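Worksheet for the structure shown next.
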Amino acid sequence: MDFYKVAGTEPIGNEVRTHFSNQITAEIAGTDVVLMGWVHILRDKGKLKFLVLRDERGTVQVTIPQKRVPEEVFKTSGLLKPETAVSVTGKVTAAKQVASGAEVIPRKIRILNTSERLPIDVVEGKTDIDLDTRLNNRVLDLRKPSINAIFKVQHNLVRFARAFLESNDFIEIHTPKLVAEATEGGANLFEVKYFDRKAYLAQSPQFYKQLMLLAGFGRVYEIAPVFRAEKHNTRRHVNEYTSFDYEMAWISGVEDVMKMEENMLHHSFKMTKKHAAAELEILGVDLQIPKVPFKRIKYSEAIELVNEAGKGLTITDDLDPECERLLGEIFPKKYGTDMVYITHYPLELRPAYTMPSMTDEGMTESFDLTYKGMEITTGSQRIHLYDLLVERFKAKGFNPDDFAFYLDPFKYGAPPHGGLGLGVERMTMQLLGIENIREATLLPRDRDRLTP
Ligand code: AMO
């Protein structure tokens, strides 16, 4: 056991954590507790030392008066440094001067691991450091309660969206990320060497999630990484992100896909507001639960709105980020909401698998969901008719033979279907009002970053 021994202390003990920081309240004054965590803040007043201990749930004050603690404890407290990992055994004492109303007076402090001098501060607000330095030290950066909170909110958003789908008969699937062909067009594909052939990193589970409906699963979802070789560093693009995809068969139209999503997001936001209340408070975010149904406007109307605001776009022009931002300002004023579906995109702007519109000539049965001026979801009804699908692939300039693995199964009674892809990081950043997507990405990958 010698290798466990931290200089100046006893070897690792058999203490078992009994409480988290947020459970230390005046109501349990007199209780013996064992806490584990990091030294967040240290204040040394000579004969009196204060240690703010941080764990997964927050912080708690440990007060160390020389007169009232064993000599050994006072000695050990002198060895503590920021981010030393410790266990503290002691008694809860009511303390009016502490926000939580209680503190812990230790009977034992055990150093579980030491910490070297920190490259960045873990205590918030001490110094402003740039995002790049923070990301270089992401593990320490994530220890900050306000950074950590982002990913607890994200976890809740995903968990409740998933729960909603599961209660609606979706099953989770896992599709290959090494693929033979592009699904969303070739511009942002990562090429990889696959033995003596070329392969690509999946941009989307698109083809496979559709094929699993043809394989007889009625409703499927996948939450997994996808890869985009975006050439530019922007605040809304990373090169690997988490795509939340679902696909549903036997639909009567694209509306079924949109209804599922608005109800899913309503549920997820509502439950996140409840279950991540503490984190939302740390982040200072008052989560607005969007009203269902979400507002829907056609792409042609969106183009008119940005043109009224001074742009000069035609119907087949893409709504660039600047236009999305403009719409983000217009929507709340005009429709009283920041969650808006834009539907009926022109054929030119949508992938080959998108169902042409049955009502609007030259348009598609498709949609984007925009949230506070940014696209967070793309979806559509898919073409389930083999001949039409082949025709559309040809129209987009693809050789159908290259896509036989995808196209052939459509010859055998493919059900009408549709689905969508939602960017988890984009949803998180918009919900929390985060400026740069990297902040809502646990370990971002961008043009310049492949570690940590
Ligand atoms: P699309 O390419 O629009 O559609 O992507 C879907 C959603 O993914 C997010 N997103 C990104 N997030 C971070 N960094 C990026 N580089 C990035 N690119 C896209 C956005 C976007 O709305 N197969 C279709 C979906 C479908 O029809 O089912 C697709 O992938 O939030």
Side-chain angles (χ1 to χ4, degrees), residues 154 157-158 161 170 173 175 177 179 181-190 200-213 219-249 251 254 256-258 260-261 265 318-321 324 339-343 345 349-355 364-383 406 417-431 434 436-447 449:
Q154 189 172 80
L157 287 171
V158 172
F170 284 79
I173 57 168
T175 66
K177 303 300 158 219
V179 299
E181 293 294 344
T183 57
E184 311 301 316
N188 55 10
L189 264 186
F190 279 114
Y200 306 98
L201 293 178
Q203 296 163 300
S204 156
Q206 186 62 39
F207 290 163
Y208 294 115
K209 62 177 177 164
Q210 286 186 259
L211 288 177
M212 288 309 104
L213 301 185
R219 293 176 170 186
V220 299
Y221 77 93
E222 179 164 12
I223 306 165
V226 293
F227 307 89
R228 304 278 173 109
E230 313 284 356
K231 296 200 176 48
H232 307 291
N233 267 332
T234 80
R235 69 176 195 95
R236 53 163 64 202
H237 292 98
V238 276
N239 295 118
E240 175 175 351
Y241 69 91
T242 306
S243 190
F244 186 114
D245 282 84
Y246 70 69
E247 205 68 21
M248 47 202 280
I251 58 169
V254 68
D256 292 356
V257 180
M258 292 156 69
M260 188 64 72
E261 183 183 34
L265 291 182
D318 226 337
L319 285 173
D320 63 11
E324 279 184 29
M339 198 56 114
V340 177
Y341 276 126
I342 302 178
T343 67
Y345 280 74
L349 296 182
R350 288 288 157 150
Y353 53 76
T354 315
M355 184 64 101
T364 53
E365 297 293 314
S366 66
F367 65 91
D368 270 11
L369 178 61
T370 62
Y371 178 31
K372 298 185 191 166
M374 191 183 291
E375 167 208 327
I376 62 165
T377 300
T378 294
S380 66
Q381 180 174 349
R382 324 299 191 185
I383 300 173
Y406 168 66
H417 65 282
L420 57 75
L422 164 75
V424 168
E425 295 82 358
R426 283 218 190 155
M427 171 171 61
T428 311
M429 77 187 274
Q430 293 307 89
L431 184 137
I434 290 172
N436 190 323
I437 193 166
R438 289 160 187 75
E439 296 233 34
T441 309
L442 201 56
L443 297 160
R445 293 288 176 260
D446 64 26
R447 218 187 148 97
R449 183 174 293 285

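Whatever order the structure lists them in is the order used to number ligands and atoms, beginning at 1. These values consider heavy atoms only, across backbone and side chains, with no hydrogens, waters or symmetry-generated copies. Remember, it's a predicted structure, so these values are computed and weren't measured experimentally.
For ligand 1, the atoms lying closer than 4.0 Å to a non-hydrogen atom of G379 are 27 (O). When each atom of ligand 1 is checked for a heavy atom of L420 under 4.0 Å away, the hits are 26 (C), 28 (O). Listed by number with element, the atoms of ligand 1 under 4.0 angstrom from any heavy atom of G421 are 6 (C), 7 (C), 25 (C), 26 (C), 28 (O). Residue K209 has at least one heavy-atom neighbour below 4.0 Å for each of these atoms of ligand 1: 26 (C), 28 (O). Set against the non-hydrogen atoms of R228, the atoms of ligand 1 under 4.0 Å away are 1 (P), 2 (O), 5 (O), 18 (N), 19 (C), 29 (C), 30 (O). The ligand atoms of ligand 1 that sit less than 4.0 angstrom from a heavy atom of S204 are 23 (N), 30 (O). Short contacts between ligand 1 and I437, defined as distances under 4.0 Å to a heavy atom of the residue, involve ligand atoms 13 (C). Applying the 4.0 Å criterion to heavy atoms of E230 picks out, from ligand 1, the atoms 16 (N).
The CD1 atom of I342 lies 7.0 Å from the CD atom of E324; values are rounded to the nearest 0.5 Å. Between atom CG of residue L420 and atom OG of residue S366 there is a gap of 12.0 Å, rounded to the nearest 0.5 Å. The CG atom of D245 sits 8.5 Å away from the CG atom of L422 when rounded to the nearest 0.5 Å. In this structure, the separation between CD on Q430 and OG1 on T370 is 9.5 Å, given to the nearest 0.5 Å.
A salt bridge between E184 and R228 is absent, with no side-chain N of the basic residue lying under 4.0 Å from a carboxylate O of the acidic one. Here D368 pairs with R350 in a salt bridge; the nearest charged N to carboxylate O distance falls below 4.0 Å.
With sequence neighbours excluded, no residue satisfies salt bridge (Lys or Arg N to Asp or Glu O under 4.0 Å) with R447. The salt bridge (Lys or Arg N to Asp or Glu O under 4.0 Å) check on E222 picks up K177, with sequence neighbours excluded.
The residue among Y371, Y241, F227, Y246 with a heavy atom at the shortest distance from atom 11 (C) of ligand 1 is Y241. The heavy atom nearest to atom 25 (C) of ligand 1, out of those in V257, T378, T242, is found in T378. Nearest to atom 21 (C) of ligand 1 by heavy-atom distance, out of M374, E375, H232, M429, is E375.
Under 4.0 angstrom from ligand 1, the non-hydrogen atoms of R382 all belong to its side chain. Of all the heavy atoms of F244, none lies under 4.0 Å from any atom of ligand 1, so neither backbone nor side chain is involved. In R426, the part holding a heavy atom less than 4.0 Å from any atom of ligand 1 is the side chain. If you look at V238 next to ligand 1, the close heavy atoms, those under 4.0 Å, come from the backbone and the side chain alike.
A side-chain donor-acceptor contact under 3.5 Å links R426 to the backbone of E375.
Atom 29 (C) of ligand 1 has E184 OE1, 3.5 Å as its closest protein atom, hydrogens excluded (heavy atom only). Distance from atom 31 (O) of ligand 1 to its nearest protein heavy atom, with residue and atom name: I376 O, 2.8 Å.
No side-chain donor-acceptor contact under 3.5 Å links R449 and N233. No hydrogens or angles considered: a donor-acceptor pair under 3.5 Å links the side chains of Q154 and T428. In this model, a donor atom of one side chain and an acceptor atom of the other lie less than 3.5 Å apart for Q210 and Y406.
The shortest heavy-atom distance from Q206 to ligand 1 is under 4.0 Å. Contact analysis puts Y353 in contact with ligand 1, with a non-hydrogen atom separation below 4.0 angstrom.
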